[in-house]
There are 2 protein chains.
Amino acid sequence: MKIKDVAKKAGVHASVVSRVLNHDATLKIKKETRERILATVKELGYVPNHAARNLKKNETKMIGMIIPDFSNPVYSSIIHGAETMAAQEGYTLLVYSKKHIAKNNSYFSHLVDGKIDGLLIATLELDGQDLKELAELDKPFILVNRSIEGFNNYVVLDDEHAGYIAADHLIELGHTNIAHITGPFETGTGLKRYNGFKNRLDNANITIKPEYIRKGTYSLLSGYEEMNQLLTLPEPPTAVFTANILISLGAMRAAQEKGFVIPDDISIIGIHDVAFAPVLNPALTTINMPLYEMGEAAVQKIIENIQAKRPNSEVKGLMIKGGELILRESTSAHKPK
Amino acid sequence: MKIKDVAKKAGVHASVVSRVLNHDATLKIKKETRERILATVKELGYVPNHAARNLKKNETKMIGMIIPDFSNPVYSSIIHGAETMAAQEGYTLLVYSKKHIAKNNSYFSHLVDGKIDGLLIATLELDGQDLKELAELDKPFILVNRSIEGFNNYVVLDDEHAGYIAADHLIELGHTNIAHITGPFETGTGLKRYNGFKNRLDNANITIKPEYIRKGTYSLLSGYEEMNQLLTLPEPPTAVFTANILISLGAMRAAQEKGFVIPDDISIIGIHDVAFAPVLNPALTTINMPLYEMGEAAVQKIIENIQAKRPNSEVKGLMIKGGELILRESTSAHKPK
DNA sequence: TTGTATGCGTTATCAC
DNA sequence: GTGATAACGCATACAA
């Protein structure tokens, strides 16, 4: 089934069919011809061949997206938003995890060989060298949930605000011995959440004990280990802000293994309101972040850049506002002994 | 950067470059010519244009995969296995969720327009009509973790075995009042897990109370609701087999809200050993299933079918053996009152 | 062993 | 308004 078959059946030349399919009503085609062609297309179930169209137009209507790991629930929201927006705009999202890519010769082969029109980078692990290589390709890319010195083509969330309101919640509950298991500071999100946290504590004139700030790695294990460290301190904190959902899970587990009751002995507040947060025991108090919206925005932005042929260096950074407290059971008022 | 540029620089004709890149050493090319060409390719960083190659060869080296939802942790393992195997075989995996597809005209447009060479279907929600439409396309597809009357092109797990050993574990612990929140029976997995469960109970001469069998839908909510039903029975069960991880989470939450202590008051065993199972409170006893291996096998199988041009009707079904008890804290010996 | 010619299916440009 | 034609970049059959 190709365009010639449609043309023959509709009694016109293939190029006419192509025009009807590629241009809107402003193009001068006799109304009845257009209708006959469209009817024939529908009848035969004709769909333009993707490869041929790509070759001719030098665009694929595909957008790539690199994530670290499909099993991280945070990324499912971003992917979902991105996928939905892509579909809405007539694009297809091609998601691959870091692990996959590493097997190929180049991280960016899809971009080089014309498989995709642009790339969303939502992984933390590309180093400066990789990004430099990427920038030299002169193809649109957007950093998602990540910002790096020297690049303004990013979409991020208001992580500083998130850290701020997490700390605010704990302070309002009367806590003063407040700890924070952070994300890695190189990631931007980790540093900004910490800064927001620190700002709120400073505003309340609460001195942050250095031993209460534990640098984590956004992993289950790191949450577990750092929480263990905190709970073996001479004076353990009464509240902990955990910088992402995996840290939260690891931290909860560590506390419970040590016999600490959440929230009676220790309050925990996390970031990212994933689907299972409400069914944890206890249900986790979190800051809900607009991950879905960030996915949508990233796709919207890259499509815009693709279509406007805007060089990456001229793209402006975008911060999606939002983040709100979802109060559940893992935090409660401080009870002085 | 195209093949002609390489050819010119290497002092040969483009067709020679093409041959060097597309055929192995059996093809007669002067050794030094081949080496010079390969060196030039490397030097210039030449990568063949994907669209042009597709158009010519009528294959894309891409495999599509439909999943219901990126947020379901079960699918991350399958995807990961599939993606890894695909990369290893020189293919790219294009994953899209059901939601995305529904926005397009056709469920299978990617298959029709030649974007992908074959399709893995790991979603439950395609009805008979969809599958019939798909079958008529005469393109390779494989049902993953799902079997349907009339189709033998599937890869599944040994779900009956999983149900059997889950029940076995509970029986060995001395339970007799054993309930089961099932998956939907239309899915194959749900029915087979139930059958395995039932077989083991039959073997032990345990009569299954009809009210102990609750039909669920593989969702958090359904686990929650059905568990609530079970716990309000005049004689609640002392052990429950929950048919997937989402049901497990919902069920645990329902039990805890009602003041039941897991496992002292009620034991819970689930299926699928996802990353956070060990950090739940209590840590969930599960049956670990070879999801990753199923993803690998599905890709391997579809590539084989693509390359052998084997019609779907001649493909044989495949069951991946495996499934083992991961003993944690959510199950314990029955304590008679 | 290498070069030449052709066509994959589509769309853009030009002619009518 | 519509038809003819060339070109996108590559791989292959055939010629040399």
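Letters A, B, ... are given to chains in the order of the sequence lines, protein chains preceding strands, and every chain is numbered from 1. The analysis underlying the following values was restricted to heavy atoms, covering all of them including side chains, and did not include hydrogens, waters or symmetry mates.
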Which of C:dG9, C:dT11, D:dA11 is nearest the side chain of A:R53? It is C:dT11
To the nearest angstrom, the CE-C1' distance between A:M1 and C:dG9 comes to 13 Å
Output the single nucleotide from D:dA11, C:dT10, C:dA12 whose closest atom is nearest the side chain of B:I3. D:dA11
Side-chain donor or acceptor of B:R19 under 3.5 Å from a matching atom on the base of C:dG3? yes
Counting side-chain heavy atoms from C-beta on, which of C:dT11, D:dT12, C:dG3 comes nearest to B:V12? C:dG3
Checking contacts here: which listed nucleotide (C:dT11, C:dT2, D:dG3) is nearest the side-chain heavy atoms of A:V16? D:dG3
Base, sugar-phosphate or nothing for B:L55? Non-hydrogen atoms, less than 4.0 Å. base
Send over the distance from B:K57 NZ to D:dA13 C1', rounded to a whole Å. 15 Å
Indicate the ring-plane relationship of A:H110 and A:Y96, choosing parallel, tilted or perpendicular according to the 30° and 60° boundaries. perpendicular
Pair A:T60, A:D117: side-chain N/O donor-acceptor within cut-off below 3.5 Å: yes
For the residue pair B:N22 / B:S18, report whether a side-chain donor-acceptor contact shorter than 3.5 Å exists. yes
Let me know, please, whether B:T33 or B:A52 comes out on the 5' side of the other along DNA chain C by nearest nucleotide. B:T33
Out of C:dG3, C:dT11, D:dG3, minimum distance to the side chain of B:S15 belongs to C:dG3
B:N54 CG to C:dT10 C1': how many Å, rounded? 14 Å
Measure from CG on A:N22 to C1' on C:dT10 and round the result to the nearest Å. 8 Å
Nucleotide nearest A:H13 when distance is taken to its side chain, options D:dG9, D:dA4, C:dT10: D:dA4
Taking only the side-chain nitrogens and oxygens of A:N49, find out if one of them lies under 4.0 Å from OP1 or OP2 of C:dT10. no
Rounded to the Å, how far apart are A:K8 NZ and D:dG3 P? 14 Å
Do A:S97 and A:Y75 pair up side chain to side chain, a donor and an acceptor below 3.5 Å, judged on atom types alone? no
Provide, to the nearest angstrom, the distance between the NZ atom belonging to B:K31 and the P atom belonging to C:dT1. 13 Å
Between B:N58 and C:dC8, is there a contact of a side-chain N or O with OP1 or OP2 at under 4.0 Å? no
B:H50 NE2 to D:dA11 C1': how many Å, rounded? 15 Å
Return the minimal non-hydrogen interatomic distance between B:P290 and B:G322, and the atom names on each side. CD-C, 4.0 Å
Considering just the side-chain nitrogens and oxygens of B:Y46, establish if one lies under 4.0 Å of OP1 or OP2 belonging to D:dG9. no
Looking only at C:dT1, D:dC10, D:dT2, the nucleotide nearest the B:K56 side chain is D:dC10
So how far is it from B:N312 CG to B:N305 CG, rounded to the nearest 0.5 Å? 7.0 Å
Regarding the side chain of A:K2, the nearest nucleotide among C:dT11, D:dG9, C:dG9 is C:dG9
Round to a whole Å and report the spacing from CD of B:E59 to P of C:dG9. 15 Å
